[in-house]
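Structure first, then comments.
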Amino acid sequence: MLAALLIGAVLLLLLNVNPITAYAAMIEGAFGSISSITQSLVKATPLLLVGLGICIAFRASVINIGGEGRLFWER
């Protein structure tokens, strides 16, 4: 996660954007109010459930590809 944040910071610097300001805005948008926290949870829950389903399939030695895509295709 730290590597992803550092790579993102480098890319933001290449675009002449302050990475600290950008990351602060991202955190404020996701966790700045009760409404934003609930929206983050609403959007994250289906992805977590798809990930859990894929983990169960892999433990059973079954290949399950495309769960996230199928989730968003149905919306």
Side-chain angles (χ1 to χ4, degrees):
M1 191 169 121
L2 183 61
L5 289 172
L6 288 174
I7 291 170
V10 169
L11 292 174
L12 287 169
L13 286 172
L14 290 174
L15 293 170
N16 295 325
V17 177
N18 185 355
I20 295 172
T21 305
Y23 287 148
M26 189 168 51
I27 291 170
E28 177 70 26
F31 305 110
S33 67
I34 296 296
S35 175
S36 61
I37 293 171
T38 56
Q39 284 301 310
S40 295
L41 290 174
V42 164
K43 292 179 181 179
T45 301
L47 288 173
L48 291 171
L49 290 174
V50 168
L52 179 63
I54 290 172
C55 288
I56 292 170
F58 283 158
R59 295 280 277 171
S61 298
V62 176
I63 296 176
N64 182 5
I65 298 175
E68 296 91 350
R70 185 68 185 163
L71 172 73
F72 287 111
W73 182 263
E74 293 295 326
R75 288 185 170 190

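Positions are given from 1 along the sequence.
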Looking at S36 and G32, what are the two nearest heavy atoms and their distance? OG-N, 3.2 Å
P19 versus L12, closest heavy-atom pair with distance: CA-CD1, 3.9 Å
Measure from the side-chain N and O atoms of T38 to the backbone N and O of S35, and report whether any donor-acceptor pair falls under 3.5 Å. yes
Distance in Å, L47 CG paired with L52 CG, rounded so as to fall on 0.5 Å steps: 12.5 Å
Can you tell me how far CE of M1 sits from CG of L6, rounded to the nearest 0.5 angstrom? 11.0 Å
What about I37 and I27, same hydrophobic cluster or not, with Ile/Leu/Val/Met/Phe/Trp/Tyr joined at side-chain heavy-atom distances under 4.5 Å? yes
hydrophobic_cluster_shared for L41 and F31, side chain cutoff 4.5 Å: yes
Under a 4.5 Å cut-off applied to non-hydrogen side-chain atoms, are L15 and L11 in contact? no
Is it true that, when you exclude L48 itself, more than 12 heavy atoms of the residues, nucleotides or ligands shown sit nearer than 6.0 Å to its CG? yes
Residues in side-chain contact (heavy atoms from CB on, under 4.5 Å) with A24, at least two apart? none
